[in-house]
Amino acid sequence: MASLSGQGTPKLTSAVGNLYYDSILPYREDANAQTREFLARVVDVLLDYVQQVNDRNEKILEFKMPEEMQKTLDLALHDEPLPLKQLLEDCKSALKHQVKTGHPHFFNQLSCGLDIISLAGEWLTAAANTNMFTYEIAPVFILMENVVLEKMRSMIGWKTGDSILAPGGSVSNLYAFLAARHHKFPQYKEKGLTSIPGHLVMYTSDQCHYSVKSCASVCGLGTDYCICVPSDEHGRMIPSELERLVRYHKDRGNVPFFVNATSGTTVLGAFDPLMEIADICQKYDMWMHVDAAWGGGLLFSKKYRHPRLTGIERADSVTWNPHKLMGTLLQCSTVHFKYEGILLSCNAMSAEYLFMTDKIYDPRYDTGDKVIQCGRHNDIFKLWLQWRGKGTSGFERHMDRLMELSEYMVRRIKEQPDKFYLILEPEMVNVSFWYLPKQLRNLPHDSNKEIKLGKVCAKLKGKMMQAGTIMVGYQPDDRRPNFFRNIISSAAVTEKDIDFLLSEMDRLGQDIIVD
């Protein structure tokens, strides 16, 4: 395959390669040519990497143990500067030893793939290098953010509201918690715990993301007051159990105020029943938050939105991460609220040196006082550009394709019952299964066999990493020992890649022996 960069191995001319940082812009105004050559060769390195990521003949990684990797890499920081040619080599080395998470055979994480248009947006974002706290320094991106977030709120089903981009789904969930507490107890902002008549209690399923429980710790409830509601065999919160636990705490003088429903759990990809949960929240006057960080992308799909996300419009807040199912580059996380102005009311500290009210433009366009951060990275341009490139219909086709590929994988697993055991029918692109080496085939399936299958996972994952040909994640849950969780969220994946995944697992794992 011809190199995308048009280069062999990108190299600088000796005239530029031997220069140092202070011989290019911005230190030398007459160094346009030298600066351009340096950056062009860096771009060549990146283009060659993009090509490698999309080449199925390339390995995903060349695994080394941490101690060996430390010896392989030159990570030392020196007193004196290094020349530009060494910095270019450093760029090559970093990518050479990095896991290719955009590779079609990387099924390991929720965030997979390498969307080229979003990548272009991230490159521009880095060049612009601006902060998102005021309109005066980020006018284009602030307006862009307003347009995209309004569109996302409309897809949830709201005509008005408030939104912000946050550094990851965990912080988005934290913003939802803070807004919920402020909405229910606005005096808490000034008066603190003394303003609340009892101990606050929050609820979430036992399959939720750990960040929900972290909110209870960070915000002073204590993790004992983040109540985990039992889930059914599919990983969905049981509404009757939620109501039972709400009544239990109300009867003891506590104050149930916040329920987190998950739309797309991290492990099983389960969707909590939003309509029933919304009814309970309405009955007991509790804030309903939906953590759709993972599953929110299915809002694009007419085919798969319902019944998974039916009722999401009844939520008070929603977390939705485009950097997951939608394939936007990391990081890109959004949190949305049904109530206009709640972020400013909850979080504003009115720092006069930054958020003056007598500016020449409407200060409502300043977003910095809406968040607990000060500096905020520009995460919007890569999403906006990607959306422009794909269109809403393109995202819908992407969501449908990912779901169809997951359905294909389920069929292929069922066609090979001697080698693979499907744990449950997935609601999303999380396919949970065990691999059976020869030792465990033709044995009855019982709890003892499951324990052995769990041991297979760690051994087979180690073989995957050493071979560098595929990567799939594994983990236990509260019902079973280790099992594989395959994620299909990359636009690069095809049916042939799924077939390769299963055949490669069998090649690597068939001779595994466990006690």
Side-chain angles (χ1 to χ4, degrees), residues 53-54 56 60 100-119 152 155 169 234-235 262-271 291-310 312 319-330 332-334 382-383 386-387 389-414 422-433 470-473 484-502:
V53 163
N54 287 279
R56 287 168 173 80
I60 298 172
K100 299 179 181 69
T101 59
H103 196 286
H105 299 157
F106 180 85
F107 302 93
N108 206 74
Q109 310 297 142
L110 304 188
S111 302
C112 303
L114 185 63
D115 186 278
I116 299 302
I117 296 176
S118 186
L119 174 64
M152 295 177 80
M155 292 178 65
H234 299 288
T262 307
S263 289
T265 58
T266 303
V267 177
L268 298 179
F271 288 76
D291 180 1
W294 180 215
L298 292 185
L299 289 167
F300 283 98
S301 175
K302 300 181 194 67
K303 182 177 180 180
Y304 293 101
R305 172 172 178 153
H306 300 289
R308 295 166 182 81
L309 292 157
T310 300
I312 194 170
T319 291
W320 176 358
N321 284 8
H323 72 230
K324 290 183 177 171
L325 204 60
M326 291 167 63
T328 310
L329 265 60
L330 287 161
C332 189
S333 176
T334 65
K382 59 194 170 192
L383 172 58
Q386 182 190 25
W387 206 321
K390 294 174 87 82
T392 303
S393 63
F395 274 123
E396 180 175 18
R397 288 190 295 274
H398 180 48
M399 298 301 105
D400 291 351
R401 174 65 173 158
L402 296 178
M403 293 292 283
E404 290 161 3
L405 285 168
S406 301
E407 292 164 357
Y408 175 81
M409 183 172 182
V410 169
R411 290 197 301 273
R412 294 292 292 123
I413 285 175
K414 289 180 176 179
L422 183 70
I423 289 175
L424 78 170
E425 293 286 341
E427 287 190 272
M428 207 178 155
V429 299
N430 308 45
V431 181
S432 301
F433 65 98
I470 54 173
M471 284 187 71
V472 183
F484 286 109
R485 178 206 62 172
N486 191 79
I487 298 296
I488 301 173
S489 63
S490 169
V493 176
T494 67
E495 286 84 357
K496 289 183 179 180
D497 296 312
I498 294 169
D499 290 339
F500 175 80
L501 164 69
L502 297 177

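We're numbering straight along the sequence, starting at 1.
- Of all the heavy atoms in Asn108 and Gly473, the pair that sits closest is OD1-N, 3.2 Å.
- Here the CD1-CG distance, from Ile498 to Leu405, works out to 4.5 Å after rounding to the nearest 0.5 Å.
- Using the six-membered ring where Trp is involved, His105 and Phe107 have ring planes that are parallel, under 30° apart on the 30 and 60° scheme.
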Exercise for the section: Check the pair Leu110 / Ser489 against side-chain contact (heavy atoms from CB on, under 4.5 Å), numbers first and verdict last. Expected result: CA-CA 7 Å; Leu110 304 188; Ser489 63; 5.8 Å; no
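- For the atom pair Ile117 CD1 and Gln386 CD, the distance stands at 7.5 Å (nearest 0.5 Å).
- Counting only distance, with no hydrogens or angles, the side chain of His323 and the backbone of Leu330 share no donor-acceptor pair below 3.5 Å.
- When all heavy atoms of Arg401 and Thr494 are compared, the closest pair comes out as NH2-CA, 3.9 Å.
- Taking the side chain as every heavy atom from C-beta outward, Asn430 and Ile487 approach each other to under 4.5 Å.
- Within the 3.5 Å criterion, the main-chain N or O of Thr266 finds a donor-acceptor partner in the side chain of Arg485.
- When every heavy atom of Gly297 is checked against every heavy atom of Met326, the shortest pair comes out as CA-CG, 4.2 Å.
- In terms of modelled atom types and a separation under 3.5 Å, the side chain of Ser406 and the main chain of Leu402 share a donor-acceptor contact.
- Counting only distance, with no hydrogens or angles, the side chain of Ser490 and the backbone of Pro104 share no donor-acceptor pair below 3.5 Å.
- The closest donor-acceptor contact from the side chain of Ser301 to the backbone of Asp400 lies at 3.5 Å or more, if one exists at all.
- Ile60 contributes atom CD1, which lies 7.5 Å from atom CZ of Phe106 (distance to the nearest 0.5 angstrom).
- Between the side chain of Glu396 and the main chain of Lys302, a donor-acceptor pair closer than 3.5 Å is present.
- Rounding to the nearest 0.5 angstrom, the gap separating the CG atom in Asp497 from the CE atom in Met409 is 11.5 Å.
- Of the possible polar contacts, one joining the Ser118 side chain to the Leu329 backbone as a donor-acceptor pair under 3.5 Å is found.
- Taking every heavy atom of both residues into account, Leu299 and Arg305 meet most closely at CD2-CZ, 3.4 Å.
- Here the straight-line distance linking atom CD1 of Ile488 with atom CD of Glu407 works out to 10.0 Å at 0.5 Å rounding.
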Practice task
Please lay out, stage by stage, how Met399 and Tyr304 fare under the test side-chain contact (heavy atoms from CB on, under 4.5 Å).
Solution key: CA-CA 8 Å; Met399 298 301 105; Tyr304 293 101; over 6 Å; no
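- Judged by distance alone, the side chains of Trp294 and Thr265 never bring a donor and an acceptor atom under 3.5 Å apart.
- Residue Leu422 comes nearest to Phe433 through the heavy atom pair CA-CB, 4.2 Å, listed as atom of the first residue, atom of the second, then distance.
- Residue Ile116 holds its CD1 atom at 6.0 Å from CG of Asn54, rounded to the nearest 0.5 Å.
- Contact annotation: the side chain of Phe395 never approaches that of Met155 to less than 4.5 Å [non-hydrogen atoms, C-beta and beyond].
- When every heavy atom of Asn321 is checked against every heavy atom of Ser333, the shortest pair comes out as OD1-OG, 2.5 Å.
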Exercise for the section: Take Thr101 and Gln109 through the test side-chain contact (heavy atoms from CB on, under 4.5 Å) and record every step on the way to the result. Expected result: CA-CA 8 Å; Thr101 59; Gln109 310 297 142; 6.0 Å; no
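- The pair Asp115-Lys382 does not count as a salt bridge, with every side-chain nitrogen at least 4.0 angstrom from each carboxylate oxygen.
- No hydrogens or angles considered: nothing links the side chains of Asp291 and Thr262 as a donor-acceptor pair under 3.5 Å.
- Salt-bridge formation is not detected for the pair Glu495/Arg411: no Lys NZ or Arg NE/NH1/NH2 atom is positioned less than 4.0 Å from an Asp or Glu carboxylate oxygen.
- Taking the side chain as every heavy atom from C-beta outward, His398 and Phe300 never approach each other to under 4.5 Å.
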